[in-house]
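For reference, the structure discussed in these notes is given below.
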Amino acid sequence: MRKHYGQNKFALLLTGGSWLLMVLVVWLLPVSFSGYLQEDWDTLFWYALSQTGGVYGTPVLGVLLCILVARRQKGLKLRVQSFTVAFLFLLLTLGSMAMLNEYVIKPLAQVPRPSHQFLLGSKGQEASLLDTFYLQDAASRRAYLAEFLKKNPEKYTQISPLVLDHWVSEAGYSFPSGHSQNAFLLGSLLTMWLGLQLPRKRRPWLVLPVLWAVLVCLSRVALGVHSELDVSLGSGVGMLLAYLFSLSGILRKAFRETTHPQDLS
């Protein structure tokens, strides 16, 4: 473990520090529902960032990472093998964690989304529609929300249509945040892998993957689809998994990484 820390010190400190910074920002600053109105200048920014950590953005970033891994190999055969191994590793890891989160952990925790509480009222309140909302399946919830918004258009004219559509599509429970989990898992894996590939003078580039992960977490809270606790715990799990993959040697085998000679000096 000490040898692993010595070789990965910069990447590990950067990843952990970024997570801690995100937690402090999301809990201490007014991030919640800060970017969901049409008039808010940052609404489109948060929405676009959130999409990069979802079902469309994450696979694209994963494929780009696999291409980056494969390019470090010599010869077409080794590159194809390297890409395949890295791709299957990310597919299995990100896919299994997403399925576990969506179909096991969230239904067990049964924490309502902030956006659902905003629209339907907090659970247990008089006239709240949440008590029966989550008794339906996911498809029925989406249909219910779409019909609810259609019947009450005057109440939500100030909210961005993009955000309203996002609130409808995100019909599941809230805790923990799957976007935050996958963003920090993918961002941390990339940071820890690049930490062993890049010479010291290029290590400032390691900021980019974790910065992206931090912004994805903030976007989920700013759009109102997750709470501070959702993203803090979700991202923490993702970061911890990445660390365990690195510590166990799985990351090295999956990405065929080699330690840069300058790291050993």
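Only this structure's heavy atoms are used, side chains among them; waters, hydrogens and symmetry mates stay out.
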Is there side-chain contact between [X] and [Y], with heavy atoms separated by less than 4.5 Å?
X: D230; Y: R220; result: no
X: W205; Y: L194; result: no
X: W193; Y: F245; result: no
X: L185; Y: L94; result: yes
X: H179; Y: C217; result: no
X: L90; Y: F255; result: yes
X: V231; Y: M22; result: yes
X: L120; Y: Y144; result: yes

Heavy atoms from other residues, nucleotides or ligands near CZ of F133 exceed 12 (cutoff 6.0 Å):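 Yes, enclosed.
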Is it true that, when you exclude F45 itself, more than 12 heavy atoms of the residues, nucleotides or ligands shown sit nearer than 6.0 Å to its CZ?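 Result for CZ/F45: enclosed.
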Quick check: does any side chain N or O of [X] sit under 3.5 Å from a backbone N or O of [Y], one acting as donor and the other as acceptor?
X: W46; Y: L215; answer: no
X: H226; Y: F175; answer: no
X: H116; Y: E170; answer: yes
X: T58; Y: G53; answer: yes
X: T43; Y: L37; answer: yes
X: Q117; Y: L130; answer: no
X: T84; Y: V80; answer: yes

Identify the two heavy atoms, one from [X] and one from [Y], that lie closest to each other, and give their separation to 0.1 Å.
X: R113; Y: V225; result: NH1-O, 2.9 Å
X: H166; Y: S50; result: NE2-OG, 4.0 Å
X: A70; Y: S82; result: CA-OG, 3.8 Å
X: S18; Y: V210; result: OG-CG2, 3.5 Å
X: D40; Y: G35; result: OD2-CA, 3.9 Å
X: S169; Y: R142; result: O-NE, 3.1 Å

Distance (rounded to the nearest 0.5 Å) between [X] [atom1] and [Y] [atom2]:
X: L240; Y: T15; atom1: CG; atom2: OG1; answer: 12.0 Å
X: L218; Y: E228; atom1: CG; atom2: CD; answer: 10.5 Å
X: S34; Y: L29; atom1: OG; atom2: CG; answer: 9.5 Å
X: F184; Y: T191; atom1: CZ; atom2: OG1; answer: 9.0 Å
X: K74; Y: R79; atom1: NZ; atom2: CZ; answer: 10.5 Å
X: Y156; Y: L164; atom1: OH; atom2: CG; answer: 9.0 Å

When clusters are formed by joining ILVMFWY residues with side-chain heavy atoms under 4.5 Å apart, either directly or through shared neighbours, do [X] and [Y] land in the same one?
X: V168; Y: V55; result: no
X: Y103; Y: M97; result: no
X: V85; Y: I250; result: no
X: M239; Y: L241; result: yes
X: L244; Y: L92; result: no

Just checking, R141 and Y173: is the charged tip under 6.0 Å from the six-membered ring centre and within 45° of the axis?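 Yes, a cation-pi geometry.
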Assess whether side chain to side chain contact (heavy atoms under 4.5 Å, CB included) is satisfied between W212 and L61, documenting all intermediate values. CA-CA 11 Å; W212 165 74; L61 293 173; 3.2 Å; yes
Aromatic rings Y36 and F33: how do their planes relate, parallel, tilted or perpendicular, breaks at 30° and 60°? perpendicular
Passing option when V25 is tested against L20, V31, V214 for side-chain contact (heavy atoms from CB on, under 4.5 Å):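 Going through the options one by one, the only one that passes is V31.
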With W167, which of Y47, F118, F148 fulfils ring pair (Phe, Tyr, Trp, His ring centres under 6.0 Å)? F118
Applying side chain to side chain contact (heavy atoms under 4.5 Å, CB included) to L189 and F89, what does each step give before you reach the verdict? CA-CA 11 Å; L189 286 174; F89 167 71; 4.1 Å; yes
When you look at L119 and L149, which way does the side chain to side chain contact (heavy atoms under 4.5 Å, CB included) test go after all the steps? CA-CA 9 Å; L119 294 173; L149 293 173; 4.0 Å; yes
